[in-house]
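Hydrogens, waters and symmetry mates play no part in the numbers below; they use all other heavy atoms, side chains included. Note on naming: letters A, B, ... go to the chains in the order of the sequence lines (proteins, then strands), and numbering restarts at 1 for each one.
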Amino acid sequence: MTAAGEVRWRVVGREGGSVVLVDLDAGLDEVRRERVGPDRWAVEAPAADPSARWVWSDTARWYPDLLAAGSVVARCQDLRLCHAILRASTLVPPAARADRSADAPGDASRDERWDAAPVDASSAVAPAGEPALFDLDDAPAAPVGVPDGIDDVLAEFRRQQDALRAASDPGRLRLLIAAESAGALLAAEMQAAGVPWSLDVHEGILEATLGARPTGGAAPARVQEVARAVRDALGDPAASLDSQPKLLRSLHRIGIHARSTSRWELAEYDHPVIAPLLEYKKLMRLMSANGWAWLDEWARGGRFRPVYVPGGVVTGRWASSGGGALQLPRALRPAVHADPGWTLVVADVAQLEPRVLAAMSGDLALAEAARGRDLYDGIVASGSIATRAEAKIAMLGAMYGATTGDSGRLVPALRRAYPRAMGLVDAAARTGDSGGAVTTWLGRSSAPAGSEWHEVQARAGGPDASDADRAQARRSAGDRGRFTRNFVVQGTAAEWALAWLADLRGLLAELPAVPVEQGAEASGPVFSRRAHLCFFLHDEIIVHAPLAQAEAVADAVARSAERAARLLFGGFPIDFPLDLRISIDAAKG
DNA sequence: TCTACAGGCGCG
DNA sequence: AAAGCGCGCCTGTAGA
């Protein structure tokens, strides 16, 4: 086959009632076009050249079908996610941003369609037979999500390639596009595989903390007990503990003049009601957020399947929808439990954000403080700040924009010790508080301030501005400054994490499958016999792996972290040490 | 009766 | 303790 005839891209979209596959070569010329039945496309789609990239409107809409049919995609371009990056990136000249076509620069309709919200990944795999309750006048529900007609998809793909070519730093943006898309694949895969979850361990924790699972509407024994102690201390056997305004009035009656019922404020008062009340709130939180109802809804079949939303945060972090994947209490982590014959490889990055800041600012002093040790210890060792605890809150304050309290007071010391790193976040804050857009290391940009924000600023600068106008303008400028200050760091950290995940995903795919009798059946047809990522949260991952591959997986996790560092920051001397563990409980199967 | 919002708290 | 960034989920209440 000649080079020109090689399949580089496999574009998938709909036409009429069919699914259409279009293969493109490196020059984006069409090599082949094929039409497949809509129900069987995932099965019938012939295996592409494994080096080909799939191109589709929205991974959450297409990939679950492929996974269910037993196919893994090595690489893709998720047009919805990449559109969001390219339309805003300051690395792309405005005229070439993906929301404008050259001949119709003002065409906003195209823009809106590709800006549609993601389809809910859980609905994409749900059976379509469910009749709509109010579907009386046979109007089909308005199509949700981005376009997926083959012509729209091809056109958007070509626009995105044009935008990349026109970028001031195409290399970085291509890296971001690839990493973002790999993340989309992984999110679908992790949802399909699920987190191996021990119902027994979870129930054991609930029972030990709350008491036996209640039948009917009653509260569990331990909750009732603590509630009684609170009401005794309040001197009111009928006191309502679950209504914030009523609880506040009860507290006022016994002389506790708190202005909220938050844990940190109540803890300031010395009164016999405080301890049982805080305990009550803790128990109720566990029960309502991750109690038996959560177990029944989210951990069926021994797998927790959260819905990940890649790119769901403006900074590029993932969000989640359903199940609370981003909020699993640490106390419940023991319920994550490998299948028999399998183990968990768990890793998180120590101080990811300040390390990223050191690298992107080229701050050799901060990189030196970080190298080979706890970064905060390194700051202390350099003599600029006295204790580890202070170094930590100072660094968080610098990245978040603290101005008051201990944190704000300590930031100037960091500014003296690490002028380049602090200069980068300070500059990002100045850009933000004057309304501008900031950009991450690989090219994801924040939105510039909107017209409403500018009106507030203009009003405050006008001749008849009130003190309130000026205060509001100061506050909204400060809010934006803190947002953009954090955006560059949080966003670049998210890019590092995506690069880590994408590389690790590739390394895991190279490991051999295990025999079928050793499979983890609940992981589904694709992952029951292969080591696979099953959890990701900003800077930590969990891999579910056959026991015999534990060491190989741990090695891959470490190696991919090193490669991510070099991919983003080249030879800059920064390291990203992992806290890496092979789960011990798995040994007992 | 239904929806929107605020308070509170879990995670990084 | 929060402060200072980014999230999602649950509850009760206020408002339509």
Engineer: Side chain of Trp264(A): nearest nucleotide among dG6(C), dA2(C), dG8(B)?
Structural biologist: dA2(C)
Engineer: Strictly below 4.0 Å, N to O, side chains only: are Arg415(A) and Asp426(A) in salt-bridge contact?
Structural biologist: yes
Engineer: At 4.0 Å (heavy atoms only), tell me whether Glu265(A) reaches a base, stays on the sugar-phosphate, or touches nothing.
Structural biologist: nothing
Engineer: Give a yes/no on whether any side-chain N or O of Arg409(A) is located under 4.0 angstrom from OP1 or OP2 of dA3(C).
Structural biologist: no
Engineer: Would you say the side chain of Arg285(A) and the base of dC9(B) hold a donor-acceptor pair, judged only by whether the two atoms sit under 3.5 Å apart?
Structural biologist: yes
Engineer: Regarding Thr315(A), tell me which of base, sugar-phosphate or nothing describes its non-hydrogen contacts under 4.0 Å with the strands shown.
Structural biologist: nothing
Engineer: Using a heavy-atom cut-off of under 4.0 Å over every strand shown, decide if Gln490(A) touches base, sugar-phosphate, or nothing.
Structural biologist: base
Engineer: With a 3.5 Å cut-off and heavy atoms only, can you find an N or O donor on one side and an acceptor on the other between the side chain of Gln244(A) and the base of dG7(B)?
Structural biologist: no
Engineer: When we call it a touch if two heavy atoms are under 4.0 Å apart, what does Leu328(A) touch: a base, just sugar-phosphate, or nothing?
Structural biologist: sugar-phosphate
Engineer: Output the rounded distance in Å from OH (Tyr308(A)) to P (dC11(B)).
Structural biologist: 16 Å
Engineer: To the nearest Å, how far apart are Leu247(A) CG and dT11(C) C1'?
Structural biologist: 13 Å
Engineer: So what does Gly312(A) touch, heavy atoms closer than 4.0 Å: a base, only the sugar-phosphate, or nothing?
Structural biologist: nothing
Engineer: For dC9(B), does OP1 or OP2 lie under 4.0 Å from any side-chain N or O of Lys281(A)?
Structural biologist: yes
Engineer: Quick one: do Glu297(A) and Arg305(A) make a salt bridge, cutoff under 4.0 Å?
Structural biologist: no
Engineer: Select one nucleotide: of dC9(C), dG8(B), dG6(C), the one nearest the side-chain heavy atoms of Thr261(A).
Structural biologist: dG8(B)
Engineer: For a quick check of understanding: with a heavy-atom distance under 4.0 Å over all strands, which category does Asp348(A) fall into, base, sugar-phosphate or nothing?
Structural biologist: nothing
Engineer: Base, sugar-phosphate, or nothing: which does Ala319(A) touch, judged by heavy atoms less than 4.0 Å apart?
Structural biologist: sugar-phosphate
Engineer: Just call it for Arg485(A): base, sugar-phosphate, or nothing, with non-hydrogen atoms closer than 4.0 Å on any strand.
Structural biologist: nothing
Engineer: Does dT13(C) have its OP1 or OP2 closer than 4.0 Å to a side-chain nitrogen or oxygen of Lys246(A)?
Structural biologist: yes
Engineer: Examine Trp441(A) together with Phe569(A) and report whether their ring centres are nearer than 6.0 Å.
Structural biologist: yes
Engineer: Looking for any heavy atom pair under 4.0 Å, which part of the strands does Arg333(A) touch: base, sugar-phosphate only, or nothing?
Structural biologist: sugar-phosphate
Engineer: Taking the side chain of Ser288(A) as its heavy atoms from C-beta onward, which of dT11(C), dC5(C), dA2(C) lies nearest to it?
Structural biologist: dT11(C)
Engineer: In whole Å, I'd like the distance from the CH2 atom of Trp298(A) to the C1' atom of dG8(C).
Structural biologist: 11 Å
Engineer: Expressed as a whole number of Å, how far does the P atom of dC5(B) sit from that of dG4(C)?
Structural biologist: 25 Å
Engineer: Are His202(A) and Trp197(A), when compared by the centres of their aromatic rings, separated by less than 6.0 Å?
Structural biologist: yes
Engineer: Please round to the nearest 0.5 Å and tell me the distance separating atom CG of Leu186(A) and atom CG of Leu533(A).
Structural biologist: 5.0 Å
